[in-house]
Every structure is written in structure tokens, then in C-alpha cells.
*Asks:* 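Below is a structure I'd like to ask you about.
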2 protein chains.
Amino acid sequence: MSSPGALVLVVEDEPQVRRFLRASLSSRGYRLLEATTAREARQLATSHNPDLFLLDLGLPDEDGVELTRDLRGWASAPIIVLSARGREEDKVKALDAGADDYLTKPFGVNELLARMRVALRHARAVPTEGALIEVGPLRVDSARREVTVDGVEVRLTPTEFKLLLLLARNAGKVLTHGMILREVWGPNATQAHYVRVQMAELRRKLEQDPARPRLLLTEVGVGYRLRDRWDD
Amino acid sequence: MSSPGALVLVVEDEPQVRRFLRASLSSRGYRLLEATTAREARQLATSHNPDLFLLDLGLPDEDGVELTRDLRGWASAPIIVLSARGREEDKVKALDAGADDYLTKPFGVNELLARMRVALRHARAVPTEGALIEVGPLRVDSARREVTVDGVEVRLTPTEFKLLLLLARNAGKVLTHGMILREVWGPNATQAHYVRVQMAELRRKLEQDPARPRLLLTEVGVGYRLRDRWDD
DNA sequence: CGGACGCATCAAGATCGCGTCAAGACCGAC
DNA sequence: GTCGGTCTTGACGCGATCTTGATGCGTCCG
């Protein structure tokens with residue numbers, strides 16, 4: 001996982017830039033994965049669990065900022081955005097969405113490499129971030145996207161997992177409908193009903209008695225929270 | 001997710017830039033320390049243990065890269081370098097010396113703020129709590145929406161909680177019917193009767209003897225207040 | 001002493017938010 | 001294209017919660 005040999009996922013649709021990065025990085029000992037669309041990126045990210053993302057903002061199928069927000073939700077690896085857009089507003093948006101750094105094209109290879117070293121240095125220094133959350137009978141492994149209740153594995157759909165992870169990372173605290181919608185469905189979502197349906201599904205899978213939940217608690221009129229105290 | 005209140009040490013010898021940073025940061029709720037030399041910076045860093053460094057490279061008494069390397073050795077807070085030197089080589093040196101980010105002057109305030117947020121996010125030292133109010137036997141945790149009296153948990157409905165939180169945040173002060181109505185029921189509410197009914201309910205749940213309240217006191221003709229003195 | 005006023009309490013009806021089910025839309029895999 | 005899984009959307013019942021009105025009590029003041 002240290003700098004040489006680190007697995008880098010390059011998300012970039014321009015072949016020229018891809019070739020340039022491939023040459024620069026592999027000669028330095030990095031291993032490379034390449035994606036040209038957000039969809040591909042997600043797939044590779046789940047299947048290969050890379051150590052670092054290099055992300056172009058101008059993807060054909062989805063805004064890069066959205067992809068950033070999504071990845072940041074469950075992947076622990078650092079994200080460096082590479083973009084031709086140099087406007088301050090673009091930088092702020094990307095960084096606030098969860099990017100760890102932002103380089104404006106054109107940039108020098110050495111600067112990129114230096115910033116990659118910084119990012120990987122951080123990742124090593126903060127090992128806690130991704131891995132494992134345990135609350136009561138529940139275990140959530142965000143790197144492996146794996147969930148168990150009392151040791152029994154439970155299969156969750158992507159949305160269910162995102163929702164559960166959000167709750168688990170804030171165990172005990174109440175998350176409002178608005179917060180949940182924004183984090184799981186993106187900033188434009190408004191239908192609080194989404195949350196109810198997915199929550200029902202989650203309960204069906206995680207709770208012994210979905211009608212009398214012990215894990216996923218409702219705060220009427222406000223939102224939901226994951227129970228984090230088990231002293232009974 | 002921002003971290004207002006973080007303590008930032010600005011190391012910069014040009015008064016103009018210092019003034020600019022002071023204005024930009026303190027208006028955002030950051031607390032500021034200022035140093036104009038490396039020596040001063042070291043002193044303040046030891047004595048005040050800041051959450052973040054903003055570091056100019058061109059210091060009068062020592063090269064900024066050296067200072068970076070030194071700080072990185074023993075201080076855990078992130079270091080953002082601000083420099084007029086835009087050469088790639090300078091960036092690489094500073095980053096490899098231990099800086100977490102590098103901005104070339106002139107830069108936009110918003111970008112700086114965004115990168116500061118990223119740095120502080122990494123540091124993760126942000127407690128984010130502090131949503132706890134304690135008055136006498138009463139404890140109100142707004143993040144968890146949890147209320148206890150003498151350690152015993154009490155379940156409140158949304159309106160009850162809103163009302164109690166309002167009183168708790170203004171413990172000791174008298175809140176008029178009008179204020180309470182506006183805050184809890186919205187700006188158009190007029191029925192002072194709402195308040196009475198909900199207050200009765202609150203007392204039923206919080207007071208030992210609802211008829212002789214010790215917490216939720218009535219100020220006849222004016223409004224209500226939460227008792228905040230407990231020297232009995 | 002009696003009436004007016006403000007407050008507390010109770011209970012009943014109306015309302016709101018939640019959980020659930022199910023049908024259709026969408027999407028990726030084959 | 002078809003198929004299976006997943007997400008969106010709508011409808012509905014139920015219970016919790018809020019609103020509203022009625023009633024009684026205490027205090028202040030005429």
C-alpha cells in the first residue's frame with residue numbers, strides 16, 4: 001500500500017491523457033486501473049478496492065462531482081481531481097464533495113506525483129477510516145461492502161448499503177430526512193418517501209421483528225438513527 | 001461538516017497578507033494565531049497546539065521548507081503552504097518535506113477555505129459534539145434527541161422536544177408566550193393555549209410532582225422559564 | 001364577597017407521519 | 001430481445017400526535 005506498487009484507478013475519458021498518465025505512473029511503479037465512465041469507475045472501485053483515485057471531472061455519463069460524493073461515501077481511498085476547469089467555484093465544489101486535492105490541467109508530472117505521495121501518506125496515517133464499524137449485533141465492513149448481524153451475513157443492495165453505512169457512521173445521532181436524502185440520493189432529492197421504503201427493506205433484512213425495531217430507530221417527525229447503546 | 005472554532009497558526013511576514021487572512025478567517029469563525037518568523041512560529045506551535053498551519057515560504061529568518069520539515073516532525077496538525085513561488089520544483093520540495101497542500105499566490109479565499117476544510121477533515125480531530133445542555137437534574141442532547149432526568153431517559157414527542165430545547169437553550173431566562181409560539185409553532189401561530197397544553201404534558205413527563213413544578217416554572221402573565229439555579 | 005382573568009388539566013376528534021404492500025419503470029447481464 | 005434484480009411511485013391503514021373545546025382552580029381587584 002505504500003507509494004510504489006499502490007493501485008491507482010484513473011477515471012478519464014480522453015485517451016491522450018490516459019496514455020500520458022499510464023506512462024508517467026507505471027514507470028514509477030504504480031499499478032493502474034482505467035475507467036472512462038462513472039459507471040465503469042464504480043464497478044472497478046468495488047471490485048478492486050484501489051488505493052487512490054485520479055478523477056477527471058468531465059465524464060461522458062455523469063458529473064464528476066457526483067461521482068466524487070458517491071465514492072467518498074463508501075471508499076476510503078483518497079481522491080485527486082484532475083480537471084481543465086480552473087474556476088474557483090469548481091474547485092470548491094469538488095473539494096467539498098469529498099475530493100482530497102484538485103489539479104488544474106495542464107499540470108506537471110512531478111507535482112502530480114508529489115501530491116499523490118501526500119494523499120497516500122495521509123491514507124496510511126489514518127487507517128481507521130474505512131474498515132469496520134460495529135454496533136451491538138451489527139457489523140459493517142465498508143471496504144468489503146459486507147454486513148453481518150449476529151455473525152450472519154446479510155446481502156444488501158447498493159442503496160440499502162449506502163443508507164446503512166451513513167447511519168452506522170453516525171451511530172447514536174439522529175439523522176434528519178433531509179440529511180439522509182442528500183447523502184444517499186444526492187442533493188436534488190426531496191421525496192422523504194424514498195427513505196421510508198428503503199428503511200422498511202433494511203429492517204426486513206436486519207431486524208428480528210421489523211415491526212419492533214431494535215437497531216434502526218424512528219424519530220418521528222425528524223428522521224432516523226442507529227441505536228448505539230446496548231447495556232440491557 | 002465544517003469546523004468553526006479551529007485554531008489556525010498563520011506564519012507570514014507580509015503585513016498585508018496577514019491582514020487579509022485575519023479578515024477572511026476570523027469572519028468564518030476560525031480562531032487565529034500569527035507569527036512573522038520561524039522562531040515565533042515554533043514558540044506558538046508548542047504553546048498553543050494549533051489545529052492547522054498556514055505557512056508562507058519566504059520567511060526572514062529561515063527557509064519555509066525547513067520549518068515545514070521540522071513541524072511535521074512533532075506537530076500533527078496539517079500544514080498548508082502559501083507561496084508566491086509557483087515553480088513545480090518548489091511545490092514538490094514543500095510537499096515532500098511534509099506539507100499537506102500548496103497554494104500559489106495569488107489565490108482565491110474560497111479555494112483556501114475549501115482546502116482548509118479538506119485538511120481539517122483529514123485531521124479528523126474535530127469533535128463535532130458539544131450539543132449537550134445540562135441544567136440541574138435535566139440533560140438534553142440535541143444530536144441524539146435524548147432527554148434524561150436524574151439519569152432516567154424520557155421519551156418526548158417532536159413538539160415537546162422542540163419546546164424543551166428552546167427553554168433549555170435559554171435556561172434561566174423568561175420566554176414570553178409570543179416568543180415560544182413563534183419558535184415552536186412558526187410565525188403565524190397565535191393560540192397561547194398550545195403552549196399551556198404542551199407545557200402540561202412536559203411537566204407530566206419531567207416533573208416529580210407536575211402540580212408543583214421545580215423545573216418548568218410559570219411566570220404569570222408573561223411566559224415560562226427553565227430553572228437554572230440549583231443551590232439547594 | 002363576587003367576578004374577571006390567567007392557568008392547568010382532561011378528553012375527544014382531526015390530522016399527520018410512518019410502515020407496508022404492490023405495480024410499474026429502469027437497468028445491467030446474458 | 002428477455003430476464004432478474006433494484007429503484008421509484010402510488011395507495012392505504014394505523015397509531016401517534018396535535019388541536020381544540022370544556023371545565024375547574026387560584027389570584028387579583030373592584
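Each chain gets a letter, A, B and so on, in the order its sequence line appears, and its residues count up from 1.
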*Asks:* Measure NZ/Lys205(A) against P/dT20(C) and give the value in whole Å, please.
*Replies:*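 So the NZ-P distance, Lys205(A) to dT20(C), works out to 15 Å.
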*Asks:* Between the side chains of Arg18(A) and Glu12(A), is the shortest nitrogen-to-carboxylate-oxygen separation below 4.0 Å, so that they form an ion pair?
*Replies:*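 Salt bridge flag = no for Arg18(A) with Glu12(A).
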*Asks:* Which whole-number value in Å describes the distance from Gln198(B) CD to dA11(C) C1'?
*Replies:*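 Nearest whole value for this atom pair: 15 Å.
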*Asks:* Tell me, yes or no, whether the heavy-atom count around Lys93(A) atom NZ, taken from other residues, nucleotides or ligands under 6.0 Å, exceeds 12.
*Replies:*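 12 or below, so no.
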*Asks:* Given axes from five pairs at either end, by how many degrees does the helix from dC1(C)-dG30(D) to dC30(C)-dG1(D) bend, rounded to 10°?
*Replies:*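 About 30°, once rounded to a multiple of 10°.
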*Asks:* For Gln16(A), does the CD atom sit with more than 12 other heavy atoms under 6.0 Å from it, leaving out its own atoms?
*Replies:*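 No, CD of Gln16(A) has 12 or fewer neighbouring heavy atoms, counting only those of other groups under 6.0 Å.
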*Asks:* Would you say Glu88(A) has more than 12 foreign heavy atoms packed within less than 6.0 Å of its CD?
*Replies:*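 Atom CD in Glu88(A) is crowded, with more than 12 foreign heavy atoms closer than 6.0 Å.
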*Asks:* Could you work out, with side chain to side chain contact (heavy atoms under 4.5 Å, CB included) as the rule, every residue matching Asp61(A), not counting sequence neighbours?
*Replies:*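 Result, side chain to side chain contact (heavy atoms under 4.5 Å, CB included) vs Asp61(A): Thr37(A), Ala38(A), Arg39(A), Leu59(A).
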*Asks:* What integer distance in Å separates Leu202(B):CG from dT9(C):P?
*Replies:*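 In whole Å, dT9(C) P lies 12 Å from Leu202(B) CG.
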*Asks:* Does anyone know the first and last nucleotide of DNA chain D in reach of chain B, 5' to 3', at under 4.0 angstrom to a heavy atom?
*Replies:*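 Endpoints of the contacted stretch of DNA chain D: dT17(D) to dA22(D).
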*Asks:* Inspect the contact between Arg155(B) and Glu160(B) and indicate whether a charged nitrogen and a carboxylate oxygen are less than 4.0 angstrom apart.
*Replies:*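 Looking at Arg155(B) together with Glu160(B), the answer is no, because their closest N to O distance does not fall below 4.0 Å.
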*Asks:* Could you go through nucleotides 15-18 of chain C and list every protein N or O atom that sits under 3.5 Å from one of its N or O atoms, giving the distance for each pair?
*Replies:*
residue	atom	partner	partner atom	Å
dC18(C)	OP1	Gly221(A)	N	3.0
dC18(C)	OP2	Arg196(A)	NH1	3.0

*Asks:* Check the distance between dA8(C)'s P and Met199(B)'s CE and give it to me in whole angstrom.
*Replies:*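 For the pair Met199(B) CE and dA8(C) P, the rounded distance is 8 Å.
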*Asks:* Check this for me: does any side-chain nitrogen of one of Asp101(A) and Arg115(B) sit under 4.0 Å from a carboxylate oxygen of the other?
*Replies:*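 Judged by the 4.0 Å cut-off on N to carboxylate O distance, Asp101(A) and Arg115(B) do form a salt bridge.
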*Asks:* Mind checking side chain to side chain contact (heavy atoms under 4.5 Å, CB included) for Gln43(A) and listing every partner two or more places apart, or none if nothing turns up?
*Replies:*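 In terms of side chain to side chain contact (heavy atoms under 4.5 Å, CB included), with neighbours along the sequence ignored, Gln43(A) is linked to no residue.
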*Asks:* Regarding Asp100(A) and His122(A), is there a side-chain donor-to-acceptor distance under 3.5 Å anywhere?
*Replies:*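 Not at all, the side chains of Asp100(A) and His122(A) share no donor-acceptor pair under 3.5 Å.
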*Asks:* Does the ring of Trp185(A) carry Arg182(A) above it, NZ/CZ under 6.0 angstrom from centre and within 45° of its axis?
*Replies:*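 Geometry flag: not set, cation outside 6.0 Å or 45°.
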*Asks:* Rounded to the nearest 0.5 Å, what separates atom CZ in Arg117(B) from atom CG in Leu112(B)?
*Replies:*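 Those atoms lie 9.5 Å apart.
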*Asks:* Across the strands shown, which category fits Arg212(B) at heavy-atom distances under 4.0 angstrom: base, sugar-phosphate, nothing?
*Replies:*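 Nothing, no nucleic acid heavy atom in range.
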*Asks:* Please report the shortest heavy-atom distance between Pro50(A) and Ala77(A), naming the atom on each side.
*Replies:*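 That would be O-CB, 3.3 Å.
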*Asks:* Are Arg214(B) and Asp209(B) ion-paired here, with the side-chain N under 4.0 Å from a carboxylate O?
*Replies:*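 Answer for the salt bridge query: no.
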*Asks:* Could you list all N or O pairs between the protein and nucleotides 22-28 of chain C that sit under 3.5 Å apart?
*Replies:*
residue	atom	partner	partner atom	Å
dG28(C)	OP1	Arg39(A)	NE	2.8

